[in-house]
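Model, not experiment: these values are computed from the prediction.
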Amino acid sequence: MSIEAKSIFGAIAIGIGATLVMDLWNLFLKRTFRIPSLNYCLLGRWLRHMPGGTFRHANITAAPQKPFECTIGWTAHYTIGVVFALVFVVLTSGDWLARPTLVLALLYGIGTVVFPFFIMQPSFGLGIAASRTPKPMQARLKSLVTHTVFGVGLYLCALGVSYVLRVHA
């Protein structure tokens, strides 16, 4: 499966943009409804504990803080968004990038929720699909909506990238 350099750069731009859309959504929720977002410093803490052999925590908030965990967490957050976008563009052979469709982007965005449900949340001590949180259904719904917004972000950013690619083709 071959992919052109412009598709790779397009996917990187889409990943950054879609992650930014997701962050703006979470900022809206926080400011409007006081619904907190994931603390990406905890993502950094989780990653910073990995070199020492700790991949799962009983409670990530109780784990010792590590230097640069916030910087690493935010960098990882955007890197994950870019990797998700790259995988999506590769899976669609770059054709989707030329003619983005909302349905495919939404389905893919929704599909990415498996990563927090089955990797991050259990590793943070929150259980599979947030089963150990005080309000599991609320946490699941928030994750699902956030990843759906990521899918919308993929589509919106792809519209912009496909326009730029057509103009400069």
Side-chain angles (χ1 to χ4, degrees), residues 1-30 32-33 35-40 42-44 46-47 50 55 72-124 126-131 133 135-169:
M1 188 176 322
S2 170
I3 188 158
E4 297 179 25
K6 67 181 180 179
S7 293
I8 293 171
F9 289 119
I12 292 169
I14 291 166
I16 292 169
T19 305
L20 181 60
V21 168
M22 188 173 78
D23 288 340
L24 291 172
W25 169 254
N26 283 321
L27 183 62
F28 167 77
L29 291 177
K30 183 178 180 179
T32 307
F33 302 106
I35 298 172
S37 180
L38 172 66
N39 178 349
Y40 293 109
L42 296 178
L43 173 60
W46 177 51
L47 294 170
M50 286 182 180
F55 296 90
I72 290 169
W74 277 97
T75 302
H77 170 58
Y78 274 83
T79 301
I80 291 165
V82 167
V83 169
F84 281 164
L86 282 166
V87 168
F88 184 54
V89 170
V90 167
L91 288 173
T92 61
S93 303
D95 294 338
W96 178 84
L97 191 55
R99 291 171 301 289
T101 58
L102 178 59
V103 172
L104 234 95
L106 277 176
L107 290 174
Y108 184 76
I110 291 166
T112 62
V113 82
V114 301
F115 292 95
F117 279 2
F118 298 105
I119 296 173
M120 280 183 54
Q121 291 168 356
S123 297
F124 282 21
L126 303 174
I128 293 174
S131 62
T133 62
K135 297 179 181 176
M137 287 306 292
Q138 185 177 345
R140 291 173 191 141
L141 181 60
K142 184 172 183 309
S143 292
L144 182 61
V145 171
T146 297
H147 283 257
T148 301
V149 169
F150 178 75
V152 170
L154 286 172
Y155 173 69
L156 294 175
C157 295
L159 288 176
V161 167
S162 68
Y163 174 75
V164 169
L165 291 176
R166 278 194 308 272
V167 168
H168 296 294

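In this view, Ser143 and Gln121 satisfy the side-chain hydrogen bond (donor to acceptor under 3.5 Å, both in side chains) rule, not counting sequence neighbours. Residues forming a side-chain contact (heavy atoms from CB on, under 4.5 Å) with Ala98 (at least two apart in sequence, or on another chain): none. Listed by chain and number, the residues in a side-chain hydrogen bond (donor to acceptor under 3.5 Å, both in side chains) with Trp96 are Thr101 (sequence neighbours excluded). For the side-chain contact (heavy atoms from CB on, under 4.5 Å) test, residues two or more places apart in sequence or in another chain that qualify with Met137 are Arg140. With sequence neighbours excluded, the residues satisfying side-chain contact (heavy atoms from CB on, under 4.5 Å) with Leu106 are Leu102, Thr148, Val152. For Leu141, the side-chain contact (heavy atoms from CB on, under 4.5 Å) partners are Val145, not counting sequence neighbours.
Atom CD1 in Ile14 sits 11.5 Å away from atom OG1 in Thr19 (nearest 0.5 Å). The CG atom of Leu20 sits 4.5 Å away from atom CG of Leu24, with the distance rounded to the nearest 0.5 Å. Of the inter-residue distances, the one linking Leu91 atom CG with Leu104 atom CG reads 9.5 Å to the nearest 0.5 angstrom.
Residues Ala130 and Pro136 approach most closely at O-CB, 3.4 Å, considering heavy atoms. Closest heavy-atom contact between Ala13 and Val161: CB-CG2, 4.1 Å. Here the closest heavy-atom approach between residue Leu43 and residue Ala76 is recorded as CD2-CB, 3.9 Å. Heavy atoms only, all atoms of each residue included: Tyr155 and Pro100 are closest at CE1-O, 3.7 Å. Taking both residues in full, the closest heavy atoms of Leu86 and Ala11 are given as CD2-CB, 3.6 Å, listed atom of the first, atom of the second, then distance. Taking all atoms of both residues into account, the shortest heavy-atom contact from Ala18 to Leu154 is CB-N, 3.4 Å.
Between Trp25 and the choices Val21, Leu29, Leu27, the side chain to side chain contact (heavy atoms under 4.5 Å, CB included) rule is met once, by Leu29.
A heavy-atom distance below 4.5 Å is not found between the side chains of Thr146 and Leu38. Side-chain contact between Thr92 and Phe88: present, with at least one pair of heavy atoms (C-beta onward) separated by less than 4.5 Å.
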Quiz: residues 111-120 side-chain donor-acceptor pairs under 3.5 angstrom, not counting sequence neighbours:
| from | atom 1 | to | atom 2 | distance (Å) |
| --- | --- | --- | --- | --- |
| Thr112 | OG1 | Gly109 | O | 2.5 |
| Thr112 | OG1 | His147 | ND1 | 2.7 |

Exercise answer: donor-acceptor pairs, residues 77-85 side-chain atoms, under 3.5 Å, sequence neighbours excluded:
| from | atom 1 | to | atom 2 | distance (Å) |
| --- | --- | --- | --- | --- |
| His77 | NE2 | Asp23 | OD1 | 2.8 |
| His77 | NE2 | Asp23 | OD2 | 3.2 |
| Tyr78 | OH | Asp23 | OD2 | 2.6 |
| Thr79 | OG1 | Thr75 | O | 2.7 |

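In Ile35, the CD1 atom is crowded: over 12 heavy atoms of neighbouring residues, nucleotides or ligands sit closer than 6.0 Å.
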